[in-house]
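To keep things clear, I will list the structure first and then write my remarks on it.
In what follows, chains are A, B, ... by sequence order, proteins preceding strands, each numbered from 1.
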Protein chains: 2
Amino acid sequence: MGQRAPLVITAGEPAGIGPELCLSLATETLPAPFVVVGDPAVMRRRSKETGIDVDVREVEPADAADVAAEPGRLPVVPVRFAAEVTPGQLDPGNAPALLDGLRLAVSGCLDGSFAGLITAPLQKSVINDAGIAFSGHTEFLAELTGASLPVMLLVAGDLRVALATTHLPLRDVPDHLTQDLLRDVLQVLVADLHSKFRIGDPEVIVCGLNPHAGEGGHLGQEDDAVIKPVIDELAGRGLRVRGPLPADTAFTPNAGSRDAILAMYHDQGLPVLKHAGFGNAVNVTLGLPIIRTSVDHGTALDLAGTGTADNGSLLAAVRLAAELSAA
Amino acid sequence: MGQRAPLVITAGEPAGIGPELCLSLATETLPAPFVVVGDPAVMRRRSKETGIDVDVREVEPADAADVAAEPGRLPVVPVRFAAEVTPGQLDPGNAPALLDGLRLAVSGCLDGSFAGLITAPLQKSVINDAGIAFSGHTEFLAELTGASLPVMLLVAGDLRVALATTHLPLRDVPDHLTQDLLRDVLQVLVADLHSKFRIGDPEVIVCGLNPHAGEGGHLGQEDDAVIKPVIDELAGRGLRVRGPLPADTAFTPNAGSRDAILAMYHDQGLPVLKHAGFGNAVNVTLGLPIIRTSVDHGTALDLAGTGTADNGSLLAAVRLAAELSAA
């Protein structure tokens, strides 16, 4: 290869905004070379539909690492969709090719052809409708890379928020939050802040599960019975983890310095992150043997083909992947 | 009285930072006259301890409405504590006088002697230790004023966040969130945004209970089964309430305009509010027949007597009470 391996971006659900967001990247100055995995015919048609004037250049997987986007030109490693793609119209017939594209991208990350993976959004339901068991992008990537515990980290500016549990009904959260889970998540978080974010001795604030971190047992037992012992154990082994802190303190300057905050569940951590991020938050999957970032939004089927979708989150995801893979 | 009725500020737990925060108000320029309810001896001693040089002027309850703070001078309506007060040392012996002070302040708000109430923090446990059943400031005020459903609203800048449930263990939240509760809370919220905040036709965004507002039932049933029908019912009666929105969308500009956001539980709404508020958030109790604001922090026993506590939240609480009572 000789030069720096490019990042690889999967264009995601073709009926969504992924293809046009990828096109728009060729009009930006980015800090690292990149290639896109998608259907060249879809990309070309979307270029016409949206007026994002970009030269879509087809490249073979074997050559992908030697080619990289330059202003106005977008190298695309092809996947071929079985069905015609109309913006906004989902077609389960395209699900197998979509997943093939992900496999190709991941295998290139694992063998060093690509420096890191950035994923545009998928539509989970259309893959399930194709009769393929698929519980989410992240889980699929964990399976492909043999990772046992992917951990979701959202980044907006200098705010980093990881989640101990992710997509669960609220009433299922307390019973899912076991000491084993919490210990594993914290270890992945600290290890990846060190190895991927290159933070010397990462400092993590852990939120309580209950309001006021349980207020000494008056507002729930889990903070003292489940969370605190794990923090004490890991702190005893030298990790700089502290808490549980009331979640409404953890995100304020009063909580002191930290490299990341671990929220116990989705809506404890993400509202503040996304409020702070103004639509430019990036999702990073920790616990994988590859760099993987993704956008913090969905397929936006209603905007697909209009060229009006904001590429801020994808740009931020590419920039962060470039930063994380620069080591 | 002749002139505008003053605001009344209860100095709160005397061993905490409340007394010195009140002293510090006499060094600020505020938009409305005010008096403090507290123990003058405690206030004078705290003035010496902290170096906040203020002339503590004792006033009788009957005269309070005619006297108001001016720079360097603080009118104090006296309550007398039974026990000596040492900063940082709680004493249940002072609980009855504390509650008497609150009663005095509330009765003055109800009869028009005071324009509104601002409360410095109490220490709930010390009142319970005195053998007095007391579940919180807000509940006590509701009882004193005959209000059936106090609603907690936090304000930071132009962000207003109300809570459908407040101080509950997380695992108890889903079952507490009934249609009746939600309907009542939304009605109080809309009514008070109108009557107290003087917003013509208030617009409210309602968060979902589950992540992604339940994602069509894949992540919990309550969003569709409990929340949505209440929103539809109230919207059908002309209220501008909409949702349920995913909480991580509700706080972003993408969610569109709103005068307030209703979060379903404490840690869904307050982390983002307090992060946005940088320690100057104000708690407003809706559903009371009086104006009541309070600080968003606790008694900070460890800081009491040092004069280093930040008066930002109390200042913001006084300013907001002045604004709400200016009508």
Side-chain angles (χ1 to χ4, degrees), chain A residues 124-125 128 135 154 159 161 163 165-175 177 207-223 246-255 261 263-279 281 296-298 310, chain B residues 124-125 128 154 159 161 163 165-175 177 207-223 246-255 261 263-279 281 296-298 300 310:
Chain A
K124 195 167 71 176
S125 60
N128 293 328
S135 65
L154 273 278
L159 183 60
V161 179
L163 300 182
T165 64
T166 56
H167 295 109
L168 287 175
L170 188 74
R171 67 168 70 239
D172 295 343
V173 167
D175 289 337
L177 195 73
C207 294
L209 176 72
N210 294 297
H212 304 186
E215 205 170 300
H218 292 290
L219 296 175
Q221 305 303 320
E222 298 89 346
D223 303 280
D248 57 340
T249 302
F251 293 89
T252 69
N254 290 338
I261 296 170
M264 293 300 101
Y265 54 94
H266 191 280
D267 279 4
Q268 187 183 49
L270 297 200
V272 56
L273 190 287
K274 295 208 180 171
H275 180 262
F278 281 106
D296 74 336
H297 56 69
D310 183 348
Chain B
K124 196 168 70 175
S125 60
N128 292 329
L154 274 279
L159 183 61
V161 179
L163 299 183
T165 63
T166 55
H167 295 109
L168 288 177
L170 187 73
R171 68 168 69 241
D172 296 342
V173 167
D175 289 338
L177 194 73
C207 294
L209 175 72
N210 295 296
H212 305 184
E215 204 171 301
H218 292 291
L219 296 174
Q221 306 303 320
E222 298 90 347
D223 303 279
D248 57 341
T249 302
F251 293 89
T252 69
N254 290 338
I261 296 170
M264 294 300 100
Y265 55 93
H266 192 280
D267 279 4
Q268 187 183 49
L270 298 200
V272 57
L273 189 288
K274 294 208 181 170
H275 179 263
F278 281 104
D296 75 336
H297 56 70
D310 182 349

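Both the backbone and the side chain of A:P174 come within less than 4.5 Å of a heavy atom of chain B. Heavy-atom distances place both the backbone and the side chain of B:P211 under 4.5 Å from chain A. With a threshold of 4.5 angstrom between heavy atoms, A:D267 approaches chain B through its backbone and through its side chain. With a 4.5 angstrom heavy-atom cutoff, A:L209 touches chain B via backbone and side-chain atoms both. For a residue to count as touching a neighbouring chain, one of its non-hydrogen atoms must lie under 4.5 Å from one of that chain's; by this rule A:T249 does not touch chain B.
Aromatic rings from B:H266 and A:H212 are positioned such that their centres are separated by under 6.0 Å.
You'll find the side chain of A:L170 reaches within 4.5 Å of the side chain of B:L170, heavy atoms only. At least one side-chain heavy atom of B:E215 sits less than 4.5 Å from a side-chain heavy atom of A:K124.
Note: B:H167 leads B:H218, B:H167, B:E222 in heavy-atom pairs under 4.5 Å with chain A. Listed options B:L273, B:N254, B:D175 were ranked by heavy-atom pairs under 4.5 angstrom with chain A; first place goes to B:D175. Between chain B and the residues A:V272, A:V173, A:T166, the most heavy-atom pairs under 4.5 angstrom are made by A:V272. Counting heavy-atom pairs closer than 4.5 Å to chain A, the top residue among B:L168, B:D296, B:L159 is B:L168. The most heavy-atom pairs under 4.5 Å with chain B, out of A:R171, A:Q268, A:Q221, come from A:R171.
Of all heavy-atom pairs spanning B:G220 and A:P169, the tightest one is N-CG, 3.8 Å.
Annotation: the span from A:H297 atom NE2 to B:D248 atom CG amounts to 13.0 Å, rounded to 0.5 Å.
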